[in-house]
Visitor: 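My questions will all concern the structure given below.
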Amino acid sequence: NEVGYRLLGAFLAIVIMVCLILTAMTIRDKILSQQFNKMMQVVYQFSSKHGMQVEDIIVEGNRRTAYEELVQALNLSDNESILGVDIAKLQSQIEQLTWVRRCVVRRSFFPNNILVNIEERQVKAIWQYEGRFYPVDSEGNVIEVEDYEPDAPILFLSGDGAPHHLEALLKVLDTDRELAARVKGAMFVSGRRWNLVLDYPNGVIVKLPEQNFDKAYQKIAFLEKRYGIFKRKLTSVDLRYDNKMVIELKDSADGLMLKR
């Protein structure tokens with residue numbers, strides 16, 4: 001028993017000693033880090049006073065992001081040392097801006113400039129929600145801006161949750177770009193499936209199924225290429241059924257049911 005107590009005491013003493021050593025090392029590292037940071041601040045101040053301050057900020061790729069907004073996000077002080085600039089921090093600050101998808105920040109010497117290369121979000125659709133219109137990028141992110149004017153005709157979205165499913169829809173539409181060019185609107189119905197609005201004279205609505213809607217889209221694209229079905233007097237094509245396709249004719253209460 002006495003031997004056991006001695007071993008236990010020795011073990012506890014070793015544990016306490018290790019804890020004290022680790023604590024002392026932590027305090028030392030913290031003090032050294034603080035001293036190092038103070039020393040680097042002196043270096044940065046010295047370099048800034050001797051011609052190594054940031055002279056200019058050069059930005060590329062900003063089409064919708066104002067230069068003034070970028071400068072404000074960078075938040076560089078007057079006579080900021082080019083050596084003391086935290087590149088990762090600047091990059092993170094810029095990527096918080098509304099239109100910025102990603103960016104790369106670099107520094108150059110002689111001249112001492114901050115170089116910012118921006119990739120902005122690409123708007124793929126306009127989403128109508130609660131009486132407002134929001135641009136949506138290709139990844140389904142809603143861009144919170146007050147006003148947006150599209151540069152060209154663009155896909156119009158409606159329905160709760162539509163932006164979150166836009167990326168999958170775009171991949172399907174991309175399988176037949178000729179038909180996709182005629183898709184002017186997409187309604188996300190009951191949080192489950194899409195209705196497509198085509199810009200043919202009759203304003204055809206294509207009702208896609210919840211499951212395998214990619215195959216349904218390719219099927220209707222094939223029928224349009226082979227038979228030109230949208231050139232006929234159709235108002236809607238219902239593809240929600242496994243073994244049939246229901247076509248509604250213009251100025252007619254009767255629909256046409258076709259077996260697949």
Side-chain angles (χ1 to χ4, degrees), residues 57-75 89-105 115-201 203-210 213-214 216-218 220-221 230 236:
I57 300 171
I58 299 175
V59 182
E60 295 180 350
N62 61 316
R63 190 163 167 267
R64 296 189 179 275
T65 307
Y67 180 82
E68 294 75 14
E69 188 178 4
L70 288 163
V71 172
Q72 185 176 1
L74 290 172
N75 194 29
K89 181 180 179 181
L90 296 184
Q91 187 166 303
S92 176
Q93 290 170 179
I94 293 175
E95 289 180 344
Q96 300 303 313
L97 297 177
T98 302
W99 282 103
V100 179
R101 182 169 181 261
R102 63 169 61 96
C103 77
V104 176
V105 178
L115 310 177
V116 182
N117 189 281
I118 289 176
E119 179 187 343
E120 292 188 326
R121 300 185 185 280
Q122 298 298 312
V123 178
K124 293 296 184 180
I126 298 293
W127 180 43
Q128 181 183 13
Y129 182 69
E130 295 184 347
R132 292 187 58 188
F133 298 89
Y134 300 92
V136 183
D137 71 9
S138 57
E139 297 170 344
N141 298 305
V142 177
I143 303 172
E144 298 279 352
V145 292
E146 291 296 328
D147 298 301
Y148 173 75
E149 291 292 335
D151 300 325
I154 197 169
L155 181 65
F156 185 81
L157 295 181
S158 62
D160 289 346
H164 301 301
H165 299 269
L166 176 61
E167 186 175 7
L169 176 64
L170 292 177
K171 288 180 179 178
V172 171
L173 295 180
D174 200 48
T175 61
D176 192 288
R177 296 184 179 181
E178 185 177 350
L179 180 59
R182 309 305 298 263
V183 178
K184 299 305 175 185
M187 298 176 287
F188 197 56
V189 182
S190 302
R192 297 184 297 108
R193 63 172 196 83
W194 292 101
N195 282 351
L196 303 182
V197 181
L198 309 186
D199 71 341
Y200 288 94
V204 183
I205 296 177
V206 177
K207 300 177 181 180
L208 297 176
E210 180 180 359
F213 74 94
D214 55 334
Y217 175 78
Q218 291 162 11
I220 202 70
F230 293 126
S236 72

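All heavy atoms count here, side chains included; hydrogens, waters and symmetry mates do not.
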Visitor: Check step by step if side chain to side chain contact (heavy atoms under 4.5 Å, CB included) holds for Leu173 and Val183.
Guide: CA-CA 9 Å; Leu173 295 180; Val183 178; 4.3 Å; yes
Visitor: List the residues meeting salt bridge (charged side-chain N to carboxylate O under 4.0 Å, His left out) with Arg193, not counting sequence neighbours, and say none if there are none.
Guide: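 Applying salt bridge (charged side-chain N to carboxylate O under 4.0 Å, His left out) to Arg193 gives none.
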Visitor: Do any pairs count as a side-chain hydrogen bond (donor to acceptor under 3.5 Å, both in side chains) and have a residue in residues 176-186, sequence neighbours left out, and if so which ones?
Guide: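 Non-adjacent pairs meeting side-chain hydrogen bond (donor to acceptor under 3.5 Å, both in side chains): Asp174-Arg177, Asp176-Lys225, Arg182-Asp199.
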Visitor: List the atom pairs, donor and acceptor, that lie under 3.5 Å between side-chain atoms in residues 154-171 and the rest of the protein, sequence neighbours left out.
Guide:
none

Visitor: Can you check whether Val136 reaches Val123 side chain to side chain, under 4.5 Å on heavy atoms?
Guide: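 They are not in side-chain contact.
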Visitor: Which residues pass the side-chain contact (heavy atoms from CB on, under 4.5 Å) test with Ala73, not counting sequence neighbours?
Guide: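 side-chain contact (heavy atoms from CB on, under 4.5 Å) check on Ala73 returns Leu97.
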Visitor: Rounded to the nearest 0.5 Å, how far does CD1 of Ile57 lie from CG of Leu115?
Guide: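 Rounded to the nearest 0.5 Å, the CG-CD1 separation comes to 10.5 Å.
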Visitor: Hey, mind stepping through Val189 and Trp194 against side chain to side chain contact (heavy atoms under 4.5 Å, CB included) and telling me if it holds?
Guide: CA-CA 6 Å; Val189 182; Trp194 292 101; over 6 Å; no
Visitor: Distance check, rounded to the nearest 0.5 Å: Glu69 atom CD versus Leu74 atom CG?
Guide: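 The CG atom of Leu74 is 11.0 Å from CD of Glu69, to the nearest 0.5 Å.
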Visitor: Between Phe133 and Trp127, is the gap from one ring center to the other below 6.0 Å?
Guide: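 Centroid distance Phe133-Trp127: not below 6.0 Å, so no.
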Visitor: Please identify each residue that fulfils ring-ring contact (aromatic ring centres under 6.0 Å, His included) with Tyr67, with sequence neighbours left out.
Guide: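 If we apply the ring-ring contact (aromatic ring centres under 6.0 Å, His included) test to Tyr67, skipping adjacent residues, there are no hits.
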Visitor: Is there a donor-acceptor pair under 3.5 Å between the side chain of Tyr217 and the backbone N or O of Ala180?
Guide: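 Side chain of Tyr217 to backbone of Ala180, a donor-acceptor pair under 3.5 Å: yes, one is there.
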Visitor: Only counting residues at least two apart or in another chain, list the ones meeting side-chain contact (heavy atoms from CB on, under 4.5 Å) with Gln91.
Guide: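 For Gln91 the side-chain contact (heavy atoms from CB on, under 4.5 Å) partners, ignoring immediate neighbours, are Glu95, Cys103, Val105.
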Visitor: Give every residue pair that meets the side-chain hydrogen bond (donor to acceptor under 3.5 Å, both in side chains) criterion with at least one member in residues 132-145, sequence neighbours excluded.
Guide: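 Of all non-adjacent pairs touching residues 132-145, those that pass side-chain hydrogen bond (donor to acceptor under 3.5 Å, both in side chains) are Arg101-Glu139, Arg121-Asp137, Arg132-Tyr134, Asp137-Asn141, Glu139-Asn141.
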Visitor: Under the rule for salt bridge (charged side-chain N to carboxylate O under 4.0 Å, His left out), what residues qualify as partners of Glu210, not counting sequence neighbours?
Guide: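 Once residues adjacent in sequence are excluded, the partners of Glu210 under the salt bridge (charged side-chain N to carboxylate O under 4.0 Å, His left out) criterion are Arg192.
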Visitor: Salt bridge between Arg63 and Glu120, side-chain N to carboxylate O under 4.0 Å?
Guide: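 No salt bridge links Arg63 with Glu120.
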Visitor: Under the side-chain contact (heavy atoms from CB on, under 4.5 Å) test, which residues partner Asn117, sequence neighbours left out?
Guide: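 Applying side-chain contact (heavy atoms from CB on, under 4.5 Å) to Asn117 gives Glu60.
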Visitor: Could you report the tightest heavy-atom contact between Asn195 and Leu208, atom names first, then the distance?
Guide: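 Of all heavy-atom pairs spanning Asn195 and Leu208, the closest is OD1-N, 4.2 Å.
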Visitor: Find the distance between CG (Leu179) and CD1 (Ile220) and round it off to the nearest 0.5 Å.
Guide: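 CD1 of Ile220 is found 8.0 Å from CG of Leu179.
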Visitor: So which heavy atom on Thr65 is nearest to which on Asn62, and how close?
Guide: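 That closest heavy-atom pairing would be O-ND2, 3.1 Å.
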Visitor: With sequence neighbours left out, what residues match Gln93 under side-chain hydrogen bond (donor to acceptor under 3.5 Å, both in side chains)?
Guide: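 So Gln93 forms no side-chain hydrogen bond (donor to acceptor under 3.5 Å, both in side chains) with any residue.
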Visitor: Quick one: pull up CG in Leu196 and OG in Ser236 and give me the separation to the nearest 0.5 Å.
Guide: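 The CG atom of Leu196 sits 12.5 Å away from the OG atom of Ser236.
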Visitor: Can you sort out the partners of Val104 under side-chain contact (heavy atoms from CB on, under 4.5 Å), two or more places apart, ordered by chain and number?
Guide: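 Val104: side-chain contact (heavy atoms from CB on, under 4.5 Å) contacts with Arg106.
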Visitor: Answer yes or no: is there a side-chain heavy-atom contact under 4.5 Å between Val59 and Ile118?
Guide: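 Val59 vs Ile118: side chains touch.
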Visitor: Provide the closest heavy-atom pair for Trp99 versus Val145 in the form atom of the first, atom of the second, distance.
Guide: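 Taking every non-hydrogen atom into account, NE1-CG1, 3.6 Å.
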